[in-house]
Amino acid sequence: MTTSTSPISRPGLIWRALVLPAALIVLWTLLDAFGALNSDILVSPGKVLVTAYEGFADGSLPGAALATLLRALTGWVIGATLGLAAGVLLGLSGVARGLFDPSISSLRQIALFAWIPLLSAWLGNGEAMKITLIALGAFFPMALGAQAGCQNVPAPYREVGRVVELDRRAMLTKIIFPAAVPSILAGTELSLNIAWLGTFGAEYLIGTGYINGMGDGLGAYLAAAREYARMDQVLLGVLFLALIGIALDRFVLGLSRRLVPWRMS
């Protein structure tokens, strides 16, 4: 038996993905070399590297990144767990769908940051408010994915369970939940993305705060950089947000490949 191979190897895909960033860095460097950059808008690559070195040396940059990551993961775990439970319940119970689905569908239409005034009035502007906002952003995509996965199990799968006379528990563990995994993973990917964006928004718009003594996050770092017109710090903060976001996305994608490899074919 022969196995089919992809025409483009994985290392090849990685190198291709790096072409555009590398070209932009080269263009950025050339513009700086010819004096075509306005330092009020875009500082030189060398200045950003110096700022990165200083940020790592005094611990401010990794501290901010770690604080943001902890907030994101804390809010995401809470929101995704509640969303998974709610989605499974709605997907399996017609009574629950009749009672809760219209309300959840309506609340899902509200933009995440539109919740800030209400949550601020209820919880203040501290850590509890930020975590709640992040959890809220993670809740709805996970609930929607879990509900769709459990509710839309193909009829032939259910028929197989009835033919072999599986009881309710076996039907759930052997038929419904395995069939729902792809939709649940799709909800996981989206909920983590929204949680990450919500974390930055919460830190940037709401202000400073502390979590486990780690200090302010990247959102506060960028807000301070804007106030002091430090474009080197702004660019560095944006770069760190992008890199951490990509790392989180790759982690979930790798998990998807392991759990449901046919989804990636």
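This chain uses plain numbering: 1 for the first residue, then up along the sequence.
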Asker: Are Phe34 and Leu42 connected, step by step, through hydrophobic side chains (Ile, Leu, Val, Met, Phe, Trp, Tyr) whose heavy atoms are closer than 4.5 Å?
Answerer: no
Asker: Show me the donor-acceptor pairs, under 3.5 Å and distance only, between side chains in residues 76-84 and residues at least two apart or in other chains.
Answerer:
from  : atom 1 : to     : atom 2 : distance (Å)
Trp76 : NE1    : Ser191 : OG     : 2.9
Thr81 : OG1    : Val77  : O      : 2.6

Asker: Indicate every side-chain donor-acceptor pair of residues 134-156 with a distance under 3.5 Å to a residue at least two apart or in another chain.
Answerer:
from   : atom 1 : to     : atom 2 : distance (Å)
Gln147 : NE2    : Gln151 : OE1    : 3.3
Asn152 : ND2    : Ala148 : O      : 3.2

Asker: Which residues end up grouped with Leu239 if you chain together Ile, Leu, Val, Met, Phe, Trp and Tyr wherever their side-chain heavy atoms are less than 4.5 Å apart?
Answerer: Leu243
Asker: Would you check if the side chain of Glu227 reaches a backbone N or O of Ala223 as a donor-acceptor pair within less than 3.5 Å?
Answerer: no
Asker: Do you know which two heavy atoms are closest between Ala114 and Pro117, and how far apart they sit?
Answerer: O-CD, 3.4 Å
Asker: For the atom pair OG1 (Thr74) and CD1 (Ile131), what is the distance rounded to the nearest 0.5 Å?
Answerer: 5.0 Å
Asker: Can you pull the ring-ring contact (aromatic ring centres under 6.0 Å, His included) pairs that have at least one residue in residues 87-114, sequence neighbours excluded?
Answerer: none
Asker: Are Val252 and Leu197 connected into the same hydrophobic cluster when the rule is that any two of I, L, V, M, F, W, Y join if their side-chain heavy atoms are below 4.5 Å apart?
Answerer: no
Asker: Any non-hydrogen side-chain atom of Phe177 less than 4.5 Å from a side-chain atom of Val88?
Answerer: yes
Asker: Taking all non-hydrogen atoms of both residues into account, name the closest pair between Leu112 and Gly198 and its distance.
Answerer: CD2-CA, 3.9 Å
Asker: Taking only residues two or more places apart in sequence or in another chain, which ones pass side chain to side chain donor-acceptor pair (under 3.5 Å) with Ser120?
Answerer: Asn125
Asker: Look up atom CE in Met129 and atom CD in Glu127, then write down how far apart they are to the nearest 0.5 Å.
Answerer: 11.0 Å
Asker: Using the rule that two of Ile, Leu, Val, Met, Phe, Trp, Tyr join whenever any of their side-chain heavy atoms come within less than 4.5 Å, decide whether Leu118 and Leu107 are in one cluster.
Answerer: yes
Asker: Between NZ of Lys130 and OG1 of Thr68, what distance do you get to the nearest 0.5 Å?
Answerer: 9.0 Å
Asker: If you take all heavy atoms of Ala72 and Ala195, which pair is closest and at what distance?
Answerer: O-CB, 4.4 Å
Asker: Which pairs pass side-chain hydrogen bond (donor to acceptor under 3.5 Å, both in side chains) with one or both residues in residues 168-182, sequence neighbours excluded?
Answerer: none
Asker: Listed by chain and number, what are the salt bridge (Lys or Arg N to Asp or Glu O under 4.0 Å) partners of Arg162, not counting sequence neighbours?
Answerer: Glu159
Asker: Check side chain to side chain donor-acceptor pair (under 3.5 Å) between Arg158 and all other residues, then give those that pass, not counting sequence neighbours.
Answerer: none
Asker: Would you mind reporting whether Leu236 and Tyr221 have side-chain heavy atoms less than 4.5 Å apart?
Answerer: yes
Asker: Once you round to the nearest 0.5 Å, how far does CD1 of Ile206 lie from CG of Leu133?
Answerer: 5.5 Å
Asker: Working to the nearest 0.5 angstrom, can you tell me the gap between Leu69 CG and Ile244 CD1?
Answerer: 6.0 Å
Asker: Evaluate side chain to side chain contact (heavy atoms under 4.5 Å, CB included) for Thr51 paired with Leu235, printing each intermediate quantity in order.
Answerer: CA-CA 10 Å; Thr51 302; Leu235 291 171; over 6 Å; no
Asker: May I ask whether Leu89 and Leu99 are part of the same hydrophobic cluster, defined by side-chain heavy atoms of I, L, V, M, F, W, Y residues being less than 4.5 angstrom apart, directly or through others?
Answerer: no
Asker: Report, one line per pair, each donor and acceptor closer than 3.5 Å where one atom sits in a side chain of residues 53-61; sequence neighbours left out.
Answerer:
from  : atom 1 : to    : atom 2 : distance (Å)
Asp58 : OD1    : Ser60 : N      : 2.9
Asp58 : OD1    : Ser60 : OG     : 2.7

Asker: Applying salt bridge (Lys or Arg N to Asp or Glu O under 4.0 Å), name anything that partners Asp232, two or more places apart in sequence or on another chain.
Answerer: Lys47, Arg230
Asker: Please list, one pair per line, the donor and acceptor atoms closer than 3.5 Å that link side chains of residues 20-31 to other protein atoms, with sequence neighbours excluded.
Answerer:
from  : atom 1 : to    : atom 2 : distance (Å)
Trp28 : NE1    : Val43 : O      : 2.9
Thr29 : OG1    : Ile25 : O      : 2.8

Asker: Taking the side chain as every heavy atom from C-beta outward, state whether Asp249 and Asn193 have any atom pair closer than 4.5 Å.
Answerer: yes
Asker: What distance separates Tyr204 OH from Leu222 CG, expressed to the nearest 0.5 Å?
Answerer: 7.0 Å
Asker: Taking the side chain as every heavy atom from C-beta outward, state whether Met171 and Ile176 have any atom pair closer than 4.5 Å.
Answerer: yes
Asker: Tell me, which pairs form a salt bridge (Lys or Arg N to Asp or Glu O under 4.0 Å) where one or both residues lie in residues 23-36, sequence neighbours left out?
Answerer: none
Asker: Is Phe251 reachable from Leu190 through a run of I, L, V, M, F, W or Y residues, each pair having side-chain heavy atoms under 4.5 Å apart?
Answerer: yes
